[in-house]
Amino acid sequence: MVNRDFYDCIIIGGGPGGMSAAIYALRASIRTVLIERGVPGGQVTLSDEVENYPALGSISGAELAQKFALHAQDYNLEIVSQEVSELVPGLAHHTVRLADGETLKTHAVIVATGGSPRKLMVPGEDAYYGKGVSYCAVCDGFFFRNKTVAVVGGGDSAAEESLYLARLASKVYVVHRRDKLRASMILQQRMLADPKIEILWNTTVEAILAENDGVAAVNLKDTLSGETRRLSTEGVFVFIGFDPNNALVPAGVKVNADGYVCTDDKCETAIPGIYAIGDLREKYARQIVVAAGDGCTAALAAAHFVEMRRSHEM
Ligand code: NAP
């Protein structure tokens, strides 16, 4: 049962998870298409440097993303550049609706939609996005050469990005709500050793203030004393985690309290033939290598699922 609109496997999302799934699915000879609404690569393209993808040493995020895409191209991966508007599960097949109205049918769907940066939700954040407020140091750091910036957060992203920004800016304040960083020890050590980085412990950003339509300062609050003060800064980089992009996850699929999709060890959701991988999936470590591993697992499981479906159709 193969026609133009019927696939064995549809992968939604072209980050490391989706691309790895595509490589494994195509090597398993199942008819596969990958649908990506933007430029393939996912969040990794926003990283200046990736140092923990095994066997590659240090590599830029953009180059790593390109390597994933080139590898998938070796197997002639079909990519559709479209937004998926809906995933409708079915007993005989699943249906993927695209924003342009096209409808694709498939045995298996691998959802690899990742996550989006979490917002601070403070006054000024939305109004001055692009005018000093940013969620991507690699994209916007250049505009803050020899300027003062504030980074919000205490995880791996805040640590990596503040180290990157310290190479460009004259001063980097890291505003963290606790007295301990969540970032990995190696990054913490580098941050503490960087003379341009100053960590403001037990501190939150209460508001982002502007002058002449650009960020000029933040209002800070000491979480222990309750005292507030104004800190002059021309940039505010927010790295306080991600929220999973779970809008396409159909009803009937279990998600945890934070919105991450619960799967079994094959990355399969509660609906047979629908898989969730990468940053969308509930798991312990959110790493590029884990997303790639998820892609492998889901694609092998999907190939087996397709084989079973085909044998029932015969
Ligand atoms: P994260 O690990 O969830 O850290 C978020 C940080 O922001 C935490 O320090 C948290 O504070 C703080 N935070 C959360 N909500 C806040 C709020 N409303 N106001 C102020 N601060 C807030 O997020 P992430 O750094 O983006 O990393 C996400 C995942 O990707 C992690 O699993 C991380 O290990 C992984 N990652 C890995 C690498 C790498 O290995 N190279 C690079 C980037 C990300 P608390 O600590 O108090 O909760």
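Every number for a ligand or one of its atoms is a count from 1 in the order of the listing.
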Novice: Tell me whether the guanidinium CZ or amine NZ of Arg286 lies under 6.0 angstrom from the six-membered ring centre of Tyr260 and within 45° of its axis.
Specialist: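 Arg286 over Tyr260 ring: yes.
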Novice: Judged by atom type as modelled, is there a donor-acceptor pair below 3.5 Å linking the side chain of His304 to the main-chain atoms of Met308?
Specialist: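 No, the answer is negative, given that no donor and acceptor are paired below the 3.5 Å cut-off.
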Novice: Could you tell me the residue and atom name of the protein heavy atom closest to atom 47 (O) of ligand 1, and the distance to it rounded to 0.1 Å?
Specialist: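 In this structure, atom 47 (O) of ligand 1 has Arg178 NE, 2.7 Å as its nearest protein heavy atom.
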Novice: With heavy atoms of Gly153 as the reference, note each atom of ligand 1 found under 4.0 Å away.
Specialist: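 Result: 7 (O).
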Novice: Distance-only, no hydrogens or angles: does the Thr106 side chain make a donor-acceptor pair with backbone N or O of Asp8 under 3.5 Å?
Specialist: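 Checking the backbone N and O of Asp8 against the side chain of Thr106, a donor-acceptor pair under 3.5 Å is found.
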Novice: Short list, please: which atoms of ligand 1 are under 4.0 Å from a heavy atom of Gly154?
Specialist: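 This gives 6 (C), 7 (O), 8 (C), 9 (O) as the contact atoms.
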Novice: Could Arg182 and Asp156 be called an ion pair, given the rule that one side-chain N must be under 4.0 Å from one carboxylate O?
Specialist: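 Between Asp156 and Arg182 there is no salt bridge, as every charged N stays at least 4.0 Å from the carboxylate O atoms.
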Novice: Starting from atom 1 (P) of ligand 1, which protein heavy atom do you reach first, and at what distance in Å?
Specialist: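 In this structure, atom 1 (P) of ligand 1 has Arg182 CD, 4.0 Å as its nearest protein heavy atom.
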Novice: For Tyr53, does the OH atom sit with more than 12 other heavy atoms under 6.0 Å from it, leaving out its own atoms?
Specialist: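 For Tyr53, atom OH is crowded (more than 12 foreign heavy atoms under 6.0 Å).
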Novice: Has ligand 1 got any nitrogen or oxygen that is less than 3.5 angstrom from a nitrogen or oxygen of Lys180?
Specialist: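 Looking only at distances, the answer is no, because the N/O contact criterion of under 3.5 Å is not met.
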Novice: Near Asn52, which atoms of ligand 1 are under 4.0 Å from a heavy atom of that residue?
Specialist: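 In order of number, 39 (C), 40 (O), 41 (N).
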Novice: Of all the non-hydrogen atoms in the protein, which one sits nearest to atom 30 (O) of ligand 1, and at what distance?
Specialist: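 The protein heavy atom lying closest is Arg286 O, 3.3 Å.
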Novice: What verdict does the side-chain hydrogen bond (donor to acceptor under 3.5 Å, both in side chains) test give for Thr148 and Glu234, after you've listed the backbone C-alpha separation in whole Å, the side-chain angles of each residue and the deciding distance to 0.1 Å?
Specialist: CA-CA 6 Å; Thr148 297; Glu234 285 153 295; 5.0 Å; no
Novice: Around atom 26 (O) of ligand 1, find the nearest protein heavy atom and jot down its residue, atom name and distance.
Specialist: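 Ranked first by proximity to atom 26 (O) of ligand 1 is Ser157 OG, 2.8 Å.
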Novice: Identify the two heavy atoms, one from Ser29 and one from Arg310, that lie closest to each other, and give their separation to 0.1 Å.
Specialist: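 Heavy atoms only, the tightest pair is O-NH2, 4.3 Å.
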Novice: Of all the non-hydrogen atoms in the protein, which one sits nearest to atom 19 (N) of ligand 1, and at what distance?
Specialist: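 The protein heavy atom lying closest is Leu120 CD2, 3.9 Å.
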Novice: Check each atom of ligand 1 against the heavy atoms of Gly241 and keep those under 4.0 Å away; list them by number with element.
Specialist: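 With Gly241 as reference, the close atoms of ligand 1 come out as 5 (C), 23 (O), 26 (O).
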Novice: Checking a contact table here: which protein heavy atom is nearest atom 33 (C) of ligand 1, and how many Å away?
Specialist: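 So the nearest neighbour among protein heavy atoms is Asp156 OD2, 3.5 Å.
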Novice: Would Tyr7 and His107 count as a close aromatic pair, with their ring centres under 6.0 Å?
Specialist: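 Ring centres of His107 and Tyr7 not closer than 6.0 Å.
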Novice: Salt bridge or not for Arg190 and Glu51, using N-O below 4.0 Å?
Specialist: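 Counted as a salt bridge, because a side-chain N and a carboxylate O are separated by less than 4.0 Å.
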Novice: Determine, stepwise, if the pair Asn146 / Ser170 fulfils side-chain hydrogen bond (donor to acceptor under 3.5 Å, both in side chains).
Specialist: CA-CA 4 Å; Asn146 304 317; Ser170 55; over 6 Å; no
Novice: Record the part of Met121 in heavy-atom contact with ligand 1 below 4.0 Å; permitted values are side chain, backbone, both and neither.
Specialist: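 Under 4.0 Å from ligand 1, Met121 contributes no heavy atoms.
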Novice: Begin from the C-alpha positions of Ser85 and Arg97 and carry the test side-chain hydrogen bond (donor to acceptor under 3.5 Å, both in side chains) through to its verdict.
Specialist: CA-CA 6 Å; Ser85 56; Arg97 293 211 173 98; over 6 Å; no
Novice: Nearest to atom 11 (O) of ligand 1, what protein heavy atom do you find, and at what distance?
Specialist: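 Going by distance alone, atom 11 (O) of ligand 1 is nearest to Arg177 NE, 3.1 Å.
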Novice: Quick one: which ligand 1 atoms are inside 4.0 Å of a heavy atom on Phe242?
Specialist: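 By the 4.0 Å cutoff, the relevant atoms are 26 (O).
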Novice: Of all the non-hydrogen atoms in the protein, which one sits nearest to atom 41 (N) of ligand 1, and at what distance?
Specialist: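 For atom 41 (N) of ligand 1, the nearest protein heavy atom is Glu160 OE2, 2.6 Å.
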Novice: Does His176 reach ligand 1, in the sense of a heavy atom lying below 4.0 Å from it?
Specialist: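 A heavy atom of His176 does come that close to ligand 1.
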Novice: Can you find an N/O atom of Arg118 closer than 3.5 Å to an N/O atom of ligand 1?
Specialist: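 By distance alone, the answer is no.
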